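See structure below.
Computed from a predicted model, the values in this text were never measured in an experiment. Proteins come first, then strands; the chains are lettered A, B, ... in the order of their sequence lines, and each starts at number 1.
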There are 2 protein chains.
Amino acid sequence: MGKTTKTGLAWKGEMSFEAEVNGHKFMIDADEAVGGKNRGPRPKPLMLSALAGCTAMDVISILKKMRVTPDEFYVDVEANNTEEHPKHYDAFTIYYKFKGKDPPKDKIEKAVNLSQDRYCGVSFMLSKAADIKHEIIIED
Amino acid sequence: MGKTTKTGLAWKGEMSFEAEVNGHKFMIDADEAVGGKNRGPRPKPLMLSALAGCTAMDVISILKKMRVTPDEFYVDVEANNTEEHPKHYDAFTIYYKFKGKDPPKDKIEKAVNLSQDRYCGVSFMLSKAADIKHEIIIED
């Protein structure tokens with residue numbers, strides 16, 4: 001058995017919840033169209049930011065060990081919504097976008113592949129539910 | 001094909017990233033122990049708050065249709081961390097905690113079960129990766 005991670009949230013009326021994660025508090029809320037007040041993100045898209053953050057941290061940390069520092073680095077995630085219940089994502093695409101002077105494509109590809117194949121726990125879990133594709137975009 | 005959901009994040013130096021989800025911006029960051037500055041939550045626990053938020057919204061929305069309004073409602077999630085790479089969660093427990101005057105246990109159980117069995121997309125996806133247990137705690 002490994003360590004246990006705990007998170008919690010408290011109902012704040014209507015569709016609003018205050019979540020606490022690693023001591024940081026933020027709101028989760030529904031859209032006005034379904035009775036929310038849009039006080040914070042929706043839960044399912046929030047899961048996509050967990051996916052983006054997990055692999056982004058791996059990549060920047062592996063690149064640091066390779067002594068590669070991009071000028072800019074972005075990770076976008078697109079997911080396809082099913083129309084039937086339980087409404088979920090049945091396909092993911094992760095876009096890794098790097099900007100910098102003469103970015104070393106081979107090292108960037110290696111870092112992304114190491115994250116996807118070996119290190120990113122969120123990718124590992126979500127890959128059990130749906131296919132995760134990725135694209136690397138390098139701009140001078 | 002259903003609709004596409006997009007989220008993105010931008011690197012802000014070291015292990016910090018600014019995420020944007022449904023127009024709401026927040027930081028994701030690593031712990032000081034691994035080179036972060038703890039400017040925001042870690043990505044993997046953030047996924048747990050997505051799980052908690054998803055099922056919490058279902059439950060409060062189903063209870064509303066049943067004309068049940070708890071005085072207080074909390075959802076906590078515990079997950080067990082694996083020690084080997086990719087470090088991920090291999091077991092989840094969701095604690096649904098209700099406080100109120102004479103809360104109707106049967107309706108609460110029905111609402112929780114409908115979320116877990118039929119509506120919560122995050123539970124559906126993560127259940128492909130690990131077993132999700134739940135407990136209902138009702139306090140007067």
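Residue B:F98 does not touch chain A at all, counting heavy-atom pairs closer than 4.5 Å. When heavy atoms are compared at a cutoff of 4.5 Å, B:E14 approaches chain A solely by way of its backbone atoms N, CA, C and O. Heavy atoms closer than 4.5 Å to chain A are found in both the backbone and the side chain of B:A30. Within the 4.5 angstrom heavy-atom criterion, no atom of A:E18 approaches chain B. With a 4.5 angstrom heavy-atom cutoff, A:F26 touches chain B only via side-chain atoms. The parts of A:T5 that come within reach of chain B are both its backbone and its side chain, each placing non-hydrogen atoms under 4.5 angstrom from that chain. Neither the backbone nor the side chain of A:Y95 comes within contact range of chain B; no heavy atoms are under 4.5 Å apart. Of the atoms belonging to B:F17, it is side-chain heavy atoms, and not backbone ones, that fall under 4.5 Å from chain A.
Of the listed residues B:L9, B:D31, B:I28, B:V77, the one with more heavy-atom pairs under 4.5 angstrom with chain A than any other is B:L9. Counting heavy-atom pairs closer than 4.5 Å to chain A, the top-ranked of the candidates B:N22, B:V21, B:I94 is B:N22. Chosen from A:M27, A:M15, A:K87, A:E20, the residue pairing most often with chain B at heavy-atom distances under 4.5 Å is A:M15. The choice from B:K97, B:K12, B:H24 that makes the most heavy-atom pairs within less than 4.5 Å of chain A is B:H24.
Considering CE of B:M125 and NE2 of A:H88, their distance stands at 7.0 Å, rounded to 0.5 Å.
Of residues 64-76 of chain B, those residues lying under 4.5 Å from chain A by any heavy-atom pair are B:T69, B:P70, B:F73, B:Y74, B:V75, B:D76. When the heavy atoms of residues 33-60 of chain B are compared with those of chain A, the residues falling under 4.5 Å are B:N38, B:R39, B:G40, B:P41, B:R42, B:P43, B:K44, B:P45, B:L46, B:M47, B:L48, B:S49, B:A50, B:A52, B:G53, B:C54, B:A56, B:M57, B:I60, listed by number.
No side-chain donor-acceptor contact under 3.5 Å links B:N80 to the backbone of A:T4.
Under the 4.5 Å side-chain criterion, counting only non-hydrogen atoms from C-beta, A:L126 is in contact with B:L126.
Among all heavy-atom pairs drawn from A:R118 and B:H85, the shortest one is O-CB, 3.6 Å.
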